[in-house]
Number of protein chains: 2
Amino acid sequence: MKHYPDPLALVDVALFTIREGRLALLLATRRNRDEPYCGALALPGGVIHVDEDEDAQDAARRVVRTKLGIDPPYLEQLYTFSGRLRDPRRWSLSVAYYSLVPQQVLEATHIEGLEFVPVDALPKLPFDHDAIAAMAIRRLRGKSTYSSLLTFLLPQAFTLPELHAVYEQVTGSNTNIAAFRKKVLDEGMIEPTGQRRTGGQHRAPDLYRRKGAGLQELKRTI
Amino acid sequence: MKHYPDPLALVDVALFTIREGRLALLLATRRNRDEPYCGALALPGGVIHVDEDEDAQDAARRVVRTKLGIDPPYLEQLYTFSGRLRDPRRWSLSVAYYSLVPQQVLEATHIEGLEFVPVDALPKLPFDHDAIAAMAIRRLRGKSTYSSLLTFLLPQAFTLPELHAVYEQVTGSNTNIAAFRKKVLDEGMIEPTGQRRTGGQHRAPDLYRRKGAGLQELKRTI
DNA sequence: TTAATAGTGTCTGTGAGACAATATCAG
DNA sequence: CTGATATTGTCTCACAGACACTATTAA
């Protein structure tokens, strides 16, 4: 029975938020002098800590907590990237996650070495992080159409025009808000709070919240 | 800089085919005396061989080749299962794949220790293979509606009633073949070969083939 | 009252589904 | 010709989208 050396086991996180009205990704300057691409901007990530992390999702949660000081409201596995050459150290395997965080949660957060970069202005990233980011954006776009995913980019109570703006920003589409309103409402994934947002210059919009704590999806299971 | 022990890195494969008109999964009797659950039926899998496998997909392909002697026509990553307790040996991480193979390719294949079990009659499986199988079935069902995935369960040339039968078997639905025909045809993922299947007792059905070598999908990206 | 934004109602095109009608095969 | 299966055509319903209309707010 031959014995094989273990691959390096990592997690990486593509963390989205809305920054100045644009969909943005969190990039972190790589710190530890021993690690490859030190000084470069990359997706936050790191090796799995088998003595602390219960599973890979837990490791991803720890990465976010360490970087931003918050528990990510939404965190989902994206894909596992692997291979002999993707990391200069050795054969490696990175379980990639994507996460959504409302702007407001990060308001105070201006931590040294962290940047939120609009997804249409990403720099060249080290490792295969370009591919990870691209797949995360693709997944986010896809799921936006048939789930309550985008509500995780907004505060607990939000208006329909806000949700619509995020939808257009993320999907790059330009659909009519009336149609969007009807679609979203009879999908039944959000519900009115009964309140309205006063204080604006114009008609006060109704406030909505996500129905249920977690993600809601339409039939298609993927 | 603390050093962490590496997790055990595995791949597992949920391999589907049609057996006696029913959707079935390949299960293998676990062989090696040193490994856990020896003698039990489980999804085929094994540790990643960093000196042979270029990446995890490559490892999954090797597993199928070793068990069945064929290269799987369709093989896609499903999800990565991980955790401290899922494998009795140690903290482990299994990149799970699912694969589709036409019945005809496996015709001759009756290999000792392998079984094709209908998915609605699966036994209790070791590790978290129950969860892997369940997710694979879920994914297969979901993707059946909006991709050319099911054509990988059929030979290169197939008839529309055959595709429809597979569709009903996989999704458990009971839709009308006329509607199915129209839907499938104007999705444009299959095309007529120009031939028909003669020799049956009744009207000879048109033969079709998948358009393009790989999987075709409708917009939704997942 | 006005300008601007929010929300509602009507119409239309597309696609999936049921069902009916037609076509083709072997015996 | 007959019985069985394959294929095509027609109708309907659901839904997403455009667009026009009404409602509400602060100034």
Side-chain angles (χ1 to χ4, degrees), chain A residues 21 141-148 150 154-155 157-209 216-221, chain B residues 21 141-148 150 154 157-168 170-209 216-221:
Chain A
R141 291 218 168 104
K143 255 185 159 164
S144 298
T145 337
Y146 64 95
S147 74
S148 61
L150 292 185
L154 291 170
F158 53 85
T159 70
L160 250 150
E162 285 170 345
L163 183 59
H164 181 244
V166 171
Y167 182 82
E168 291 202 327
Q169 170 61 209
V170 170
T171 61
S173 71
N174 198 13
T175 84
N176 160 309
I177 191 174
F180 179 79
R181 162 176 259 110
K182 234 179 319 168
K183 168 171 140 32
V184 161
L185 288 181
D186 64 37
E187 278 170 355
M189 296 184 298
I190 65 172
E191 60 190 1
T193 64
Q195 315 276 95
R196 293 193 296 162
R197 168 163 306 157
T198 56
Q201 299 212 317
H202 309 290
R203 173 171 177 175
D206 297 346
L207 285 169
Y208 294 86
R209 62 169 155 255
Q216 307 262 356
E217 289 186 50
L218 297 187
K219 310 140 227 180
R220 280 197 191 177
T221 310
Chain B
R141 290 217 170 103
K143 255 184 158 166
S144 298
T145 336
Y146 64 96
S147 74
S148 61
L150 293 184
L154 291 169
F158 53 86
T159 70
L160 250 150
E162 284 170 345
L163 183 58
H164 180 243
V166 171
Y167 181 83
E168 292 202 327
V170 169
T171 61
S173 69
N174 199 12
T175 82
N176 160 310
I177 191 173
F180 179 79
R181 160 176 262 110
K182 234 181 314 169
K183 168 172 141 29
V184 162
L185 287 181
D186 63 37
E187 280 169 355
M189 297 185 296
I190 65 172
E191 60 191 2
T193 64
Q195 315 276 96
R196 292 192 297 163
R197 169 163 305 158
T198 55
Q201 297 213 317
H202 309 291
R203 173 170 176 174
D206 298 346
L207 286 169
Y208 293 86
R209 63 171 154 250
Q216 306 263 357
E217 289 187 51
L218 297 187
K219 305 144 229 176
R220 278 197 192 177
T221 310

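Proteins come first, then strands; the chains are lettered A, B, ... in the order of their sequence lines, and each starts at number 1. Keep in mind it's a predicted model, so treat the numbers as computed, not measured.
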Nucleotide dT7(D), atom P - distance to CD of E162(B) in whole Å: 10 Å

Is a side-chain donor or acceptor of T145(B) paired with a backbone partner of G142(B) at a separation under 3.5 angstrom? yes

Candidates dG9(C), dG7(C), dA6(D) - which lies nearest the side chain of A178(A): dG9(C)

Could you state the CG-P distance from L163(A) to dA6(C), rounded to the nearest angstrom? 13 Å

Closest to the 5' end of DNA chain D, once Q201(A) and T175(A) are matched to their nearest nucleotides, is T175(A)

Interatomic distance where NE2 belongs to H164(A) and P belongs to dG17(D) [whole Å]: 10 Å

Winner on side-chain proximity to H202(B), out of dA6(D), dT5(D), dA23(D), is dT5(D)

Are the side chain of H164(A) and the backbone N or O of T175(A) linked by a donor-acceptor pair below 3.5 Å? yes

Starting at OH of Y167(B) and ending at C1' of dA16(C), how long is that distance when rounded to a whole Å? 10 Å

Select one nucleotide: of dG7(C), dA18(C), dT7(D), the one nearest the side-chain heavy atoms of D206(A). dG7(C)

Q216(B) backbone acceptor or donor facing S148(B) side chain under 3.5 Å: yes

So, does E168(A) use its side chain to make a donor-acceptor pair with the main chain of A165(A) at under 3.5 Å? no

What is the distance, rounded to the nearest whole Å, between atom CD1 of I177(A) and atom C1' of dG9(C)? 16 Å

Hey, does the side chain of R197(B) reach the backbone of D206(B) with a donor-acceptor pair shorter than 3.5 angstrom? no

Give the nucleotide from the list dA4(C), dA18(D), dA18(C) with an atom nearest to the side chain of N176(B). dA18(C)

Mapping P161(A) and A179(B) onto DNA chain C by nearest heavy atom, which one lands closer to the 5' end? P161(A)

Listed nucleotide nearest any side-chain atom of R203(B), set dA23(C), dA16(C), dA16(D): dA23(C)

Donor-acceptor pair under 3.5 Å: do we get one between K183(B)'s side chain and the base of dT14(C)? no

Separation of F180(A) atom CZ from dG7(C) atom C1', in whole Å? 14 Å

Side-chain N or O of R196(A) versus OP1/OP2 of dT25(D): is the shortest distance under 4.0 Å? yes

Distance check: side-chain N/O of R181(A) vs OP1/OP2 of dG7(C), anything under 4.0 Å? yes

Comparing nearest nucleotides in DNA chain D, the 5'-proximal residue of the pair E187(A), T198(A) is E187(A)

Between C1' of dG7(C) and CG of L185(A), the distance in whole Å: 10 Å

Establish whether the base of dT10(C) is bridged to the side chain of K182(A) by a donor-acceptor pair shorter than 3.5 Å. yes

In whole Å, what is the span from the OH atom of Y146(B) to the C1' atom of dA16(C)? 18 Å

